[in-house]
Structure formats: structure tokens, C-alpha cells
Visitor: 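I have a structure here, written as C-alpha cells, and I will follow up with some questions on it.
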Amino acid sequence: MDKDRVDQIIDKHECEASSLIQILLEIQSENHWLPKEALERVAERLQVPLTRILHIATFYTAFSLVPKGQHEIHICQGTACHVRGARRVLDTVQDLTGIKPGETDLDLKFSLETVNCLGCCALGPVMEIDGKTHGNMAPAMIADVLKKL
Amino acid sequence: MSEIIFQIDGRVVVASQGMTVLEAAQKAGISIPTLCHHEKLEPYGGCRFCTVEAEVRGWTKLVASCLYPVEKDLVVRTRSQKVDRIRKMILELLLSHAPDAFELQDLAKEYGADKDRFEKEPSFCIHCGLCVRYCAEVKKKNAIGFIDRGTRREISFIPEIASKECWDCKECFPLCPTEALQAAFVLTKALAFSLY
Ligand code: SF4
Ligand code: FES
Ligand code: FES
């Protein structure tokens, strides 16, 4: 992510230290992760110590300090999804992508993460890809979903 | 500034508005044990070791004395069965992280805490935040901070700042209640490998 773009995002929030999390979220969603240079720029412009930014960036799981894949797969392991076979969904995705939760593949195509309840239990087992919800997932359907990305 | 008259351990204590119970006690020469408090730093309330009983209008509650402001007619008890039990438990939990910390071992003797009660998970840091806050508030360098959260929370130096500031300062090392070397170790690691 280039410095100008980071500056634009900071300017949009009027360089307010109180908008720190908003700014980080925007960089994260555009760039899929928070590069060191971007954080340093935010620290410098907002006059917020880098230690505090890192504390926040490592506190919330929404942020990543390492590159993430182009597609972010979140597989629900909440109770309702669990009893409807979330484990098998997870196993299938792991087999197809070759990565485990918390990992990103070498081509930076996928990142995999588990979550505890996406808030639409009636659709379980649920998988969310790039913010789009895929409900009633049967392991056999997963390959199709992933291929279409 | 208006004076506030209240009681600590049966003694009448005079304090001024805005003081914490801990400050008032220290001024009156009554000791309350603390782990995360430092007079030069803002109150933090992280360790809860300074817990005391505070009675207001017949109601007793447990409060962190380093945060709790004095008020008129407050009755404070710095030791009681309940308070001692809480401090014992805090020590036992902390000792599972920092079993060799002298400060904790000494307190453990006083409160009858068993350092082997919980399974050892030596991270050596008890998250008192003294090093982090001292660097930020007193030195204003922000070379060290916390990262991650919950059980994975740990201190971490910013290598670029640490390489410039820390070797000549190291004032946070002796503040550490567990093992001054812990910070030294993390610092060396940060400089050697430039983590993050
Ligand atoms: S390293 Fe020591 S001083 Fe720093 S937070 Fe941990 S226990 Fe406290
Ligand atoms: S448990 Fe999966 S959406 Fe609620
Ligand atoms: S000294 Fe009061 S909470 Fe740590």
C-alpha cells in the first residue's frame, strides 16, 4: 500500500487520534493487512506512539500484521454450526486450500480463520467469504464455492 | 482544598479531596502492599493486590485502594480474612507465571500462598505494566509496549526506538517486580531479530 493512500485515509479522518481504530480498519480492509510502514506513518501523523498502535493492532483479531490472502474465509465453529457439522466444513476447506486456521497460502489467495458464531445460526453450518455469507454448507458444495472466487 | 476525615484500620486519617485511599494511607504511615503502583505514574489498577475493604454507610465492598478516592466517613480495613484470601489467590496465580520472583516469594510467605498451587506457565511477566507505563509517562519514549491480549499478552520493544534509547536508560529494569532480566532478555531479542 503506498504512502499517499495511507495519507488519504488519514486525511479523511482529519488526522484525529481518536479515529485511530477507524483508520486502521480502513487500511486493513483495503490492503488485507497492516504493513509496518503504514503503521509508522499513522503513528507519525496522528502523534500516537507506535507502542499503542501495536497494542491495538495485536489486540483485535480484525487486524493482521502479516499479509493476508485475497480471499478471507471465516468458518463458524459456534455451537449451532458445530452440531450441524461445522467440523466437516472446516476439514474440507483445509484439505482444498492446504492451510489451517490462522494461515495464508503461499500464493496469497486464501486466508483461513475460524469464528464463534456469525449470528445466523439458522443457516448453519455457515462459512463467510470476503464478508458474504454461505449458509447450509455441505462439504460437497465447498469446492464449487471456492472455485468461483 | 477541603479536608476529608475517615478511618483506616481504626485510625482516624485526614486526607485531601481527590486523594486515593492508598495515598492517604501512605501519608499516614499505614502500609498497603502493591504490585503495579508507582508514585510517579498514573494509577493503573492492574494487579488488584492493593485490595482493601471499604465501608460506606454500613456497606462493605472490596476496592483497589490505589484507585479508590477517599471520602468522608469511609471506613477502610487493610487486612481482613477476605482481603488476605484475595491477596493469597492473586499471589498463587502470579507465581505460576513468575515462580522465581523474590518480591512475590516474600509476599507469599506473609500471606501463606502456595507457589505450586497452579501449574507453572512461566512467562516471567505479571503484566503490572510498570515498565511500559514508565517508558511512556516518565521517559516519554514509548520504546516498550504490550502486544496481544489475554493469556498471550506480553511486553515488546520497538526495535528502532529501543536501539536508540534503551541501552543508556534501562530505568525500567529495576522496576520489574519479577525479574529485571526479563525486560533485558526481551530487549536483546527485539534488537537481535527485529521482531515484527
Ligand atoms: S516485564 Fe516486569 S515490569 Fe514489565 S509488565 Fe512485566 S512484570 Fe511488569
Ligand atoms: S453458531 Fe454459527 S452462526 Fe451462530
Ligand atoms: S497496586 Fe492497586 S491494583 Fe495494582
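Computed from heavy atoms alone, side chains included, the values below leave out hydrogens, waters and symmetry copies.
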Visitor: Taking the side chain as every heavy atom from C-beta outward, state whether A/Leu50 and B/Asn142 have any pair of such atoms under 4.5 Å apart.
Guide: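 In short, these two side chains do not touch, never coming nearer than 4.5 Å.
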Visitor: Might you confirm whether atom NE2 of A/His134 has over 12 heavy atoms from other residues, nucleotides or ligands at distances under 6.0 Å?
Guide: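 Enclosed.
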Visitor: As an exercise, state the distance from CD1 of A/Ile53 to CD1 of B/Ile147, rounded to the nearest 0.5 Å.
Guide: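 Answer for the CD1-CD1 pair, A/Ile53 versus B/Ile147, is 14.5 Å.
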Visitor: Step by step, would you call B/Val132 with A/Arg52 a side-chain contact (heavy atoms from CB on, under 4.5 Å)?
Guide: CA-CA 10 Å; B/Val132 171; A/Arg52 191 176 323 151; over 6 Å; no
Visitor: Under the salt bridge (Lys or Arg N to Asp or Glu O under 4.0 Å) test, which residues partner A/Asp95, sequence neighbours left out?
Guide: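 Partners of A/Asp95 by the salt bridge (Lys or Arg N to Asp or Glu O under 4.0 Å) criterion come out as none, since no residue qualifies.
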Visitor: What part of B/Ala143 is in contact with chain A, defined as an atom under 4.5 angstrom from a non-hydrogen atom: side chain, backbone, both or neither?
Guide: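 B/Ala143 touches chain A through backbone heavy atoms alone.
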Visitor: Under 4.5 Å heavy-atom distance to chain A, tell me which part of B/Arg152 shows up: side chain, backbone, both or neither.
Guide: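 For B/Arg152, there is no contact with chain A at all, as no heavy atom is under 4.5 Å.
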Visitor: Considering residues, nucleotides and ligands other than A/Arg88, do more than 12 of their heavy atoms fall under 6.0 Å from its CZ?
Guide: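 At most 12 heavy atoms, drawn from other residues, nucleotides or ligands, come within 6.0 Å of this atom.
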Visitor: Is A/Tyr60 atom OH crowded by more than 12 heavy atoms from other residues, nucleotides or ligands, each under 6.0 Å away?
Guide: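 No, OH of A/Tyr60 has 12 or fewer neighbouring heavy atoms, counting only those of other groups under 6.0 Å.
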Visitor: Considering all heavy atoms of both residues, which atom of B/Gly145 and which atom of A/Thr51 are nearest to each other, and what is their separation?
Guide: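 Distance-wise, the nearest heavy atoms are N-CG2, 3.6 Å.
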Visitor: Per the side chain to side chain donor-acceptor pair (under 3.5 Å) rule, what does the pair list look like for residues 20-29 of chain A, sequence neighbours excluded?
Guide: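 Every pair satisfying side chain to side chain donor-acceptor pair (under 3.5 Å) with a residue in residues 20-29 of chain A: A/Lys12-A/Glu26, A/His13-A/Glu26.
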Visitor: Count the heavy atoms belonging to other residues, nucleotides or ligands that lie under 6.0 Å from NZ of B/Lys120, then report whether that count exceeds 12.
Guide: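 For B/Lys120, atom NZ is crowded (more than 12 foreign heavy atoms under 6.0 Å).
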Visitor: Quick one: do B/Arg149 and A/His55 satisfy side-chain contact (heavy atoms from CB on, under 4.5 Å)? Show the steps, please.
Guide: CA-CA 8 Å; B/Arg149 61 176 162 167; A/His55 193 179; over 6 Å; no
Visitor: Minimum heavy-atom separation for A/Thr58 and B/Asp148, please, with both atom names.
Guide: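 For A/Thr58 and B/Asp148, the tightest heavy-atom pair comes out as OG1-N, 2.7 Å.
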